[in-house]
Amino acid sequence: MKQLFSVQGMTCGHCEKAVRDAITTLDPSAIVQIDRSSGSVEVETHVPSTQVMQAVREEGYQVVQA
């Protein structure tokens with residue numbers, strides 16, 4: 001299922017990697033597309049959105065479902 005999130009605070013490639021790694025730790029087969037300039041993160045996964053958001057928050061980013 002596709003999920004769309006708005007993530008605040010991603011300023012560099014390392015930030016993108018941290019968010020991507022947090023999501024793929026939950027679901028290694030997740031497809032993650034990140035647009036750093038807009039803060040948009042699109043995820044295709046079977047993991048509930050609440051778990052995805054919690055994983056991103058644990059990396060230190062603010063996230064809401066878009």
If you look only at distance, which donor and acceptor atoms sit under 3.5 Å apart when one is on a side chain in residues 39-47 and the other is two or more places apart or in another chain?
residue	atom	partner	partner atom	Å
T45	OG1	D27	OD2	2.6
T45	OG1	V47	N	3.1
H46	ND1	D27	OD2	3.2

Validation: residues 7-18 side-chain donor-acceptor distances under 3.5 Å, sequence neighbours left out:
residue	atom	partner	partner atom	Å
Q8	NE2	S6	OG	3.4
E16	OE2	R36	NE	2.8
E16	OE2	R36	NH2	3.1
K17	NZ	D21	OD2	2.6

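- Rounding to the nearest 0.5 angstrom, the gap separating the CZ atom in F5 from the CD1 atom in I34 is 11.5 Å.
- Nearest approach of T25 to P28, heavy atoms of both residues: O-CD, 4.5 Å.
- Counting all heavy atoms, side chain and backbone alike, A30 lies closest to T24 at O-CG2, 4.3 Å.
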Please list, one pair per line, the donor and acceptor atoms closer than 3.5 Å that link side chains of residues 57-66 to other protein atoms, with sequence neighbours excluded.
residue	atom	partner	partner atom	Å
R57	NH2	V63	O	3.1
E58	OE2	Q54	NE2	3.2
Q65	OE1	S49	OG	3.3

